Amino acid sequence: MLSNKRIQELELVMEFEKVEECFKEVSSWIENVGRKRLKETVNLDDSLEMLLQAQKQFREFDLVASEYCKRGQEALKKMDRWEDFSSVDVHPYRVKLQTYRDQLEEFCTQLDENRHRICETVRLYEFFDKVRQGVCCTEECVKS
């Protein structure tokens, strides 16, 4: 039984090394591109036109970012079997895996939050724009 368990652990290590390349690529993209682009969406402009432009740019970024999130989640899913192993030899790999998982979850959460915030901000500005137009039309009708 110990021999079988050891063989399984070695197989997992070999599998981890194959999947780690994907983790590194996703992690690198998150750190070098993703986080920077998310920070750019913190300060949204004050006009509806500029907001719509920012939303369009964010949607383009969101497509790419969502693909990286999906790839990272698929890679993590392949490593779900690690939860069953607790040997000292496997521990460093589990730590790396948890680091990748934490980074990916944090980024995907921030992406979702920014997506929602931009959408709600645009809806709010569109509402205020309609109200403003209604007030202007009402004022013109009253003056006539």
Side-chain angles (χ1 to χ4, degrees), residues 5-144:
K5 186 171 180 166
R6 184 68 180 147
I7 290 171
Q8 287 177 337
E9 288 174 356
L10 290 173
E11 288 172 350
L12 281 173
V13 169
M14 290 171 35
E15 185 179 346
F16 180 86
E17 290 173 354
K18 290 178 188 174
V19 175
E20 187 175 27
E21 195 60 40
C22 178
F23 290 142
K24 286 180 179 180
E25 182 183 341
V26 170
S27 178
S28 175
W29 185 89
I30 287 172
E31 292 304 319
N32 297 321
V33 178
R35 291 196 194 283
K36 291 176 185 176
R37 291 289 305 270
L38 284 179
K39 286 179 184 177
E40 291 172 5
T41 63
V42 169
N43 298 321
L44 298 173
D45 291 313
D46 291 338
S47 73
L48 179 57
E49 185 179 316
M50 295 301 286
L51 266 173
L52 290 172
Q53 180 64 28
Q55 184 182 39
K56 180 182 176 198
Q57 291 172 350
F58 181 80
R59 283 183 177 154
E60 293 167 2
F61 162 72
D62 189 26
L63 287 173
V64 175
S66 294
E67 184 61 32
Y68 275 97
C69 288
K70 181 180 172 186
R71 287 175 55 200
Q73 290 164 346
E74 288 171 355
L76 286 172
K77 194 172 187 174
K78 290 179 183 177
M79 303 311 297
D80 280 346
R81 297 186 308 156
W82 282 79
E83 302 303 321
D84 299 336
F85 293 91
S86 59
S87 82
V88 175
D89 295 336
V90 175
H91 182 72
Y93 297 98
R94 289 183 65 176
V95 170
K96 282 183 181 181
L97 190 61
Q98 188 60 47
T99 301
Y100 289 130
R101 181 176 282 117
D102 292 345
Q103 179 193 38
L104 184 64
E105 286 176 5
E106 178 190 357
F107 178 76
C108 292
T109 299
Q110 288 176 347
L111 183 66
D112 289 341
E113 289 171 356
N114 278 19
R115 184 184 308 116
H116 180 72
R117 184 176 55 83
I118 289 172
C119 182
E120 290 301 310
T121 303
V122 167
R123 285 181 45 201
L124 186 62
Y125 269 73
E126 288 173 337
F127 172 76
F128 284 133
D129 195 48
K130 287 179 184 177
V131 169
R132 185 183 54 77
Q133 289 174 1
V135 169
C136 290
C137 289
T138 304
E139 288 175 355
E140 288 178 17
C141 288
V142 170
K143 289 179 184 179
S144 298

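Here the structure is a predicted model, which is why all the values come from computation and not from measurement.
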Participant: Mind checking whether F23 and F16 have parallel, tilted or perpendicular rings, split at 30° and 60°?
Facilitator: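 Rings of F23 and F16: tilted, as their planes differ by 30° to 60°.
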Participant: Please report the interatomic distance CG(D129) to CG(L124), rounded to the nearest 0.5 Å.
Facilitator: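 Separation between the atoms: 11.0 Å.
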Participant: Measure across V26 and G72 and return the closest heavy-atom pair with its distance rounded to 0.1 Å.
Facilitator: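 Heavy atoms only, the tightest pair is CG2-N, 4.0 Å.
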Participant: Salt bridge or not between K24 and E21? Use side-chain N to carboxylate O under 4.0 Å.
Facilitator: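 So K24 does not pair with E21 through a salt bridge.
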Participant: Given side chains that start at C-beta, do those of Y93 and E17 come closer than 4.5 Å, heavy atoms only?
Facilitator: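 Side chain of Y93 against side chain of E17, heavy atoms only: contact under 4.5 Å found.
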Participant: Just jot down the salt bridge (Lys or Arg N to Asp or Glu O under 4.0 Å) partners of E31, sequence neighbours excluded, or say none.
Facilitator: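 Per chain and number, E31 pairs via salt bridge (Lys or Arg N to Asp or Glu O under 4.0 Å) with R35.
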Participant: How many angstroms lie between atom OG1 of T41 and atom CD of E113, to the nearest 0.5 angstrom?
Facilitator: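 Atom-to-atom, T41:OG1 and E113:CD are 11.0 Å apart.
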Participant: Let me confirm one number: the OG1-CD distance from T121 to E126, rounded to the nearest 0.5 Å.
Facilitator: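 Atom-to-atom, T121:OG1 and E126:CD are 11.0 Å apart.
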Participant: Quick one: are Y68 and L104 in side-chain contact, heavy atoms under 4.5 Å?
Facilitator: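 Y68 vs L104: side chains apart.
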Participant: Please report the C-alpha distance between M79 and R101 in whole Å, then the side-chain angles of each, then the deciding distance to 0.1 Å, and finally whether the side chain to side chain contact (heavy atoms under 4.5 Å, CB included) criterion is met.
Facilitator: CA-CA 11 Å; M79 303 311 297; R101 181 176 282 117; 5.7 Å; no
Participant: Over all heavy atoms of both residues, which pair between S27 and Y100 is shortest? Give the atoms and the distance, please.
Facilitator: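 Shortest heavy-atom separation between S27 and Y100 comes out as CB-CE2, 4.1 Å.
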Participant: For E74 and K77: C-alpha separation, side-chain torsions, deciding distance, then whether salt bridge (charged side-chain N to carboxylate O under 4.0 Å, His left out) applies.
Facilitator: CA-CA 5 Å; E74 288 171 355; K77 194 172 187 174; over 6 Å; no
Participant: Roughly how far, to the nearest 0.5 Å, is NZ of K39 from NZ of K36?
Facilitator: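 If we round to the nearest 0.5 Å, K36:NZ and K39:NZ are 9.0 Å apart.
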Participant: Can a side-chain donor-acceptor contact be found between N114 and Q110 if the only test is distance below 3.5 angstrom?
Facilitator: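 N114 and Q110 do not have a side-chain donor-acceptor pair below 3.5 Å.
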Participant: Between R117 and E120, is there a side-chain N and carboxylate O pair less than 4.0 Å apart?
Facilitator: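 Here R117 does not pair with E120 in a salt bridge, since their nearest N and O are not under 4.0 Å apart.
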Participant: Just wondering, do K78 and C22 contact through their side chains at under 4.5 Å, heavy atoms?
Facilitator: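 Sidechains of K78 and C22: no contact.
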Participant: On a heavy-atom basis, which atom in C69 and which in L111 lie closest, and how many Å separate them?
Facilitator: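 What the structure gives for the nearest pair is SG-CD2, 4.3 Å.
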Participant: I'd like a table of donor-acceptor pairs (distance under 3.5 Å, sequence neighbours excluded) in which one partner is a side-chain atom from residues 48-55, with atom names and distances.
Facilitator:
none

Participant: Salt-bridged, R59 to D62, with N to O below 4.0 Å?
Facilitator: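 No, R59 and D62 are not salt-bridged.
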Participant: Say you draw a straight line from CZ of F107 to CD of Q103; how long is it, rounded to the nearest 0.5 Å?
Facilitator: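 One finds 9.0 Å between CZ of F107 and CD of Q103.
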Participant: Give, for atom SG of C119 and atom NE2 of H116, the distance between the pair rounded to the nearest 0.5 Å.
Facilitator: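 The NE2 atom of H116 is 7.5 Å from SG of C119, to the nearest 0.5 Å.
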